[in-house]
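Below is one structure, written out as structure tokens; comments come after it.
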Amino acid sequence: MLALNLHGVGDLRYEAVPRPVPQADEVLLRVCAVGICGSDIPRVFTKGTYHFPTIIGHEFAGEIVAAADKTLVGRGASVFPLLPCGTCPACETGHYAQCQHYSYYGSRQDGGMAEYIAVKRANLCLMPAGVSYEEAAMNEPTAVALHALRQSGVGLGDTLFIYGVGTIALIIAQWARAAGVRRIILAARSQAKVDFARKLGFTAAYNVEETDIRAKVAELTDGQGATACIEGTGASAGLEACVWAVQTFGRVVTLGNPAGGMALTQDGYWQILRRELQLVGTWNSSFQAMQNDWQDSLRGMENHAIDLKSIITHRFALADYAQAFALMHEKRECYGKVMFVL
């Protein structure tokens, strides 16, 4: 089969590799769509994977073409990419995102940027009727977005402020709108991102390079601040903006992966103390019986609570990988989700 195989930092190759043979607890999936995650960019160009070569890609969906359970053959599925050890304290309570000894499709073992992949039966999320492979391939960022929104605690009638307008932030905004959040304020670092957010119906989107975002949030909330804020960039400026924008006793959710050290001004830190703010982390998503962000995300796609197709801006064939990765790495133009369609 053909796959995108990372042989070293900056050495991504589209080449023939052996087709995987599924083990007894696995199925063989013919990949139909796979997204490029923002984390795939440093993985390819600066950080690498945990060993070489590695087929990258952890946002994927496809058709089951071989399985011990013949009723699964022909079904469409997305795949929870984290492979928990099953024995650590986190796994014993179903908190797989906190597993101490996990593996992961696309970074710690071969992933979905290939024509076929063998995946654990337990990690399958079967697609409901009416959900496309492209939508299902976005199940991972959609579940991450839902998990972040749940960490914020916002709901009907609340105000949510999101700093950063990437793919996950836009999905969070869609989830918030579906949940009845009254006011959704977005802060972007470029006008192109502002325009894209407004095109999706989020009119309270502002460019932080041109707008005093702290003053704008105060204006829109009659000086009270947002019910909760989500920091989506992993940058100090975003964290600072959030602790000032949130209301007294409010919650700040840290979502963005930092590229370096994070810092707050003394006055910003005092906001946490004096107004007794909650600082809450969010990591990955829940995939368990009590709370399954993945199944809930598929239901959101099925009932059209969220519109993922509007976020997919670029589609490529796997063979055109160089163009797809350059688009994101070099920021050649504004993009939402960049996806390979097989």
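Position 1 is the first residue of the sequence; numbering continues from there.
In this structure, a donor-acceptor pair under 3.5 Å is absent between the side chains of R189 and Y163. Under the 3.5 Å distance criterion, with hydrogens and angles disregarded, no donor-acceptor pair is assigned to the side chains of D293 and S285. Side chains of W270 and Q266: no donor on one and acceptor on the other come within 3.5 Å. Checked by atom type, the side-chain pair E276/T248 shows no donor-acceptor distance below 3.5 Å. Between the side chains of T142 and E140, no donor-acceptor pair is found at a separation under 3.5 Å.
Not a single donor-acceptor pair under 3.5 Å links the side chain of D320 to the backbone N or O of Q323. Q151 places a side-chain N or O within 3.5 Å of a backbone atom of G281 that can act as its donor or acceptor partner. A donor-acceptor pair is defined here as one N or O able to donate and one able to accept, closer than 3.5 Å; such a pair exists between the side chain of T227 and the backbone of T159. The backbone N or O of G336 sits less than 3.5 Å from a side-chain atom of T313, completing a donor-acceptor pair. In this structure a side-chain-to-backbone donor-acceptor pair under 3.5 Å is present from T233 to A235. No donor-acceptor pair under 3.5 Å is formed between the side chain of N5 and the backbone N or O of L12. Between the side chain of E135 and the backbone N or O of S132 there is at least one donor-acceptor pair closer than 3.5 Å. Side-chain atoms of S236 come within 3.5 Å of backbone atoms of A263 as a donor-acceptor pair (strictly under, hydrogens ignored). With E26 contributing its side chain and Q23 its backbone, the two residues share a donor-acceptor pair below 3.5 Å.
The list of ring-ring contact (aromatic ring centres under 6.0 Å, His included) pairs with a residue in residues 41-87, not counting sequence neighbours, reads F45-H329, H58-Y104, F80-F287, F80-W294.
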Stepwise salt bridge (Lys or Arg N to Asp or Glu O under 4.0 Å) check, D158 with R183: CA-CA 7 Å; D158 288 336; R183 184 183 292 109; over 6 Å; no
Verdict with reasoning, T265 to D267, per side-chain hydrogen bond (donor to acceptor under 3.5 Å, both in side chains): CA-CA 5 Å; T265 64; D267 284 345; 5.7 Å; no
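A side-chain contact (heavy atoms from CB on, under 4.5 Å) with M339 is found for one member of H314, E134, E59 and no other, namely E134.
Using a 4.0 Å cut-off between charged nitrogen and carboxylate oxygen, R299 and E302 do not count as a salt-bridge pair. A salt bridge links K120 with D25: the closest approach of a Lys/Arg side-chain nitrogen to an acidic carboxylate oxygen falls below 4.0 angstrom. Between D40 and K47 there is no salt bridge, since no side-chain nitrogen of the basic residue lies less than 4.0 Å from a carboxylate oxygen of the acidic one.
Side-chain contact between Y14 and L2 is present, with heavy atoms from C-beta onward closer than 4.5 Å. Side-chain contact between D195 and K193: absent, with no pair of heavy atoms (C-beta onward) separated by less than 4.5 Å. L277 places a side-chain heavy atom less than 4.5 Å from the side chain of V243. The shortest side-chain heavy-atom distance between I171 and I311 falls under the 4.5 Å cut-off. Between M127 and R75 there is no side-chain heavy-atom pair separated by less than 4.5 Å. Counting heavy atoms from C-beta outward, L72 and L126 have side chains that approach closer than 4.5 Å. The shortest side-chain heavy-atom distance between F161 and C242 falls under the 4.5 Å cut-off. With contacts defined as side-chain heavy-atom distances shorter than 4.5 Å, the pair V44/Y321 does not qualify.
Closest of all the heavy-atom pairs between W244 and G268 is NE1-CA, 3.7 Å. The two atoms that bring T254 and L239 nearest to each other are CG2-CD1, 4.2 Å, heavy atoms only. The two atoms that bring Q224 and Q247 nearest to each other are O-CB, 3.1 Å, heavy atoms only. The two atoms that bring R251 and S152 nearest to each other are CD-O, 3.6 Å, heavy atoms only. Nearest approach of G112 to I117, heavy atoms of both residues: N-CD1, 4.0 Å. Nearest heavy-atom pair, L146 versus S297, reported as atom, atom and distance to 0.1 Å: CD2-OG, 4.1 Å.
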Taking distance alone, no hydrogens or angles, what donor-acceptor pairs closer than 3.5 Å link side-chain atoms of residues 27-39 to residues at least two apart or in another chain?
{"unit_1": "R30", "atom_1": "NH2", "unit_2": "E63", "atom_2": "OE1", "d": "2.9"}
{"unit_1": "S39", "atom_1": "OG", "unit_2": "R43", "atom_2": "NH1", "d": "3.4"}

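For A205, the side chain to side chain contact (heavy atoms under 4.5 Å, CB included) partners at least two apart in sequence or on another chain are L186, V194, A197, R198.
R108 CZ to S103 OG: the interatomic distance, rounded to the nearest 0.5 Å, is 7.0 Å.
Connection of V79 to L308 is not established within any shared hydrophobic cluster, with ILVMFWY side chains joined at heavy-atom distances below 4.5 Å, either directly or through further cluster members. Under the 4.5 Å side-chain contact rule for hydrophobic residues, Y96 and L83 do not share a cluster.
Shown here is E330, whose CD atom has more than 12 heavy atoms of other residues, nucleotides or ligands within 6.0 Å.
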